[in-house]
Amino acid sequence: MARRRKRSLLREFPLIILVALLVALVMKTFMIQVFVIPSGSMEQTIQVGDRVLVDKLTPWFGSEPQRGDVVVFKDPGGWLESDHKAADDGPVLAPAKHVLTFVGLLPSDNEQDLIKRVIGVGGDTVECCDPQGRLSVNGRAVDEPYLAAGNPPSRQPFKVTVPKGRLWVMGDHRDVSADSRFHMGNPGQGTVPLSDVVGRAFMIGWPLGRLHQLDEPGSLSSLAATSRPGGTAPQSMGIGPVPLEPPLVMGVLGILPFVVRRPGRPPR
């Protein structure tokens with residue numbers, strides 16, 4: 001009897017593995033993906049080494065990023081470091097790693113994703129800085145409590161009207177973030193097309209001591225929608241050397257696939 005059960009388990013084991021891989025692939029592609037943060041461009045909101053959970057499901061139902069959302073997006077072109085080392089895993093390990101990476105159980109060496117905060121959506125005019133040194137959206141000054149300590153809203157003055165279907169994004173650690181400000185000369189004037197958005201980062205899931213939800217700041221989410229047609233040439237001054245921006249690393253799927261927000265914990 002015991003031998004028969006053992007044989008049955010051995011026959012079912014490949015099926016169990018296959019189902020697990022398919023579930024991981026579906027989760028990664030359509031629902032939730034985990035990313036590891038490699039740089040300090042979003043400090044102090046998100047720190048180096050944090051695992052963020054990214055919602056990839058709601059965009060399938062027409063949801064679009066809003067001002068204040070933290071989003072993961074594909075490199076629009078020329079935003080990332082270009083130095084990638086080729087892995088030498090050998091003929092046996094390489095295919096196995098490729099399969100596990102494809103389904104989301106191992107991080108990829110070729111990810112080209114970034115993470116920033118949405119400051120302006122299509123039709124918005126984003127400008128910095130006003131006489132009090134504040135960033136403004138559609139002429140309204142924005143309070144930015146999420147900025148890293150000691151960082152002004154921007155050391156580079158700029159003014160841009162965001163084209164329709166695109167986003168203006170900035171890091172919370174403005175002094176080290178190679179965000180939209182530094183790519184005004186690129187196609188799209190430093191803005192990111194909605195089609196490049198992977199999803200919205202909604203929670204820090206690891207380490208457990210930093211477990212919390214990433215909420216939209218009221219100063220941005222409360223701004224009225226604008227109906228202005230998008231797209232004027234950006235005006236900028238004093239843009240210095242572009243900081244090097246490493247790509248996000250895909251995290252191991254399933255570390256914390258579903259997390260319930262702690263009751264009573266105030267948003268940060």
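These numbers come from a predicted model, not from an experiment. In this chain, numbering begins with 1 at the start of the sequence shown.
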Walk me through whether Val198 and Phe73 qualify under side-chain contact (heavy atoms from CB on, under 4.5 Å). CA-CA 5 Å; Val198 173; Phe73 57 94; 5.5 Å; no

Sorted by chain and residue number, the side-chain contact (heavy atoms from CB on, under 4.5 Å) partners of Ser136 (sequence neighbours excluded) come out as Glu127

CG of Leu114 to OG of Ser41: how many Å apart, nearest 0.5 Å? 8.0 Å

Within this structure, what is the CG-OG distance for the pair Asp175 and Ser154, rounded to the nearest 0.5 Å? 9.0 Å

Is the backbone of Gly49 close enough, under 3.5 Å, to the side chain of Arg51 for a donor and an acceptor to pair up by distance? yes

The reported gap from CG in Leu53 to CD in Gln213 (rounded to nearest 0.5 angstrom) is 11.0 Å

Can you confirm whether the side chains of Thr125 and Asn138 place a donor and an acceptor under 3.5 Å from each other? no

Tell me yes or no: between the side chains of Gln33 and Lys56, is some donor less than 3.5 Å from an acceptor? yes

Would you check if Phe158 and Leu135 make a side-chain contact, meaning some heavy-atom pair closer than 4.5 Å? yes

Which residues pass the salt bridge (charged side-chain N to carboxylate O under 4.0 Å, His left out) test with Glu216, not counting sequence neighbours? none

Sorted by first residue and then second, give each salt bridge (Lys or Arg N to Asp or Glu O under 4.0 Å) pair with at least one member in residues 129-139; sequence neighbours left out. Asp130-Arg134

The criterion is side-chain contact (heavy atoms from CB on, under 4.5 Å); which residues satisfy it with Ile37, sequence neighbours excluded? Ile46, Asp50, Val52, Ile115, Leu248

Any idea which heavy atoms bring Pro38 and Val36 closest together, and the distance? CD-O, 3.3 Å

Leu194 vs Leu167, side-chain contact (heavy atoms from CB on, under 4.5 Å): CA-CA, chis, key distance, verdict: CA-CA 7 Å; Leu194 289 174; Leu167 305 171; 3.8 Å; yes

Any chance you could measure Gln44, atom CD, to Asn151, atom CG, to the nearest 0.5 Å? 9.5 Å

Tell me the closest heavy-atom pair linking Val118 and Pro65, and the distance in Å. CG2-CB, 4.1 Å

Would you say the side-chain atoms of Ser180 pair up with the backbone N or O of Trp168, donor to acceptor, closer than 3.5 Å? no

Lys116 side chain near Val71 side chain, heavy-atom distance below 4.5 Å: no

Output the distance between atom CG (Asp172) and atom CG (Leu147), rounded to the nearest 0.5 Å. 6.5 Å

With sequence neighbours left out, write down each residue that passes side-chain contact (heavy atoms from CB on, under 4.5 Å) with Leu220, or none if nothing qualifies. Arg67, Arg117, Ile119, Val137, Val142, Tyr146, Pro217, Leu223

Applying salt bridge (charged side-chain N to carboxylate O under 4.0 Å, His left out), name anything that partners Asp196, two or more places apart in sequence or on another chain. none

Determine whether Val121 and Gln66 make a side-chain contact, defined as any pair of heavy atoms from C-beta on separated by less than 4.5 Å. no

From Arg174 atom CZ to Gln156 atom CD, the distance as rounded to the nearest 0.5 Å: 11.0 Å

Would Asp215 and Phe202 count as a side-chain contact (heavy atoms from CB on, under 4.5 Å) if you check the C-alpha gap in whole Å, the side-chain angles of each, and the deciding distance to 0.1 Å? CA-CA 7 Å; Asp215 294 315; Phe202 67 94; over 6 Å; no

Can you tell me how the ring of His183 sits relative to the ring of Trp79, calling it parallel under 30°, perpendicular over 60° and tilted otherwise? parallel

Taking the side chain from His173 and the backbone from Gly40, do they hold a donor-acceptor pair closer than 3.5 Å? yes

Would a 4.5 Å heavy-atom cut-off, applied to side chains only, mark Val162 and Val126 as touching? yes

Pairing residues for Arg166 by the side-chain hydrogen bond (donor to acceptor under 3.5 Å, both in side chains) criterion, not counting sequence neighbours: Thr191

Report the residues that fulfil side-chain hydrogen bond (donor to acceptor under 3.5 Å, both in side chains) with Asp179, sequence neighbours left out, ordered by chain and then residue number. Ser177, Arg181

Begin with the C-alpha distance, continue with both residues' side-chain angles, and end with the deciding distance and a verdict on side-chain contact (heavy atoms from CB on, under 4.5 Å) for Glu144 and Ser219. CA-CA 7 Å; Glu144 299 191 278; Ser219 56; 5.6 Å; no

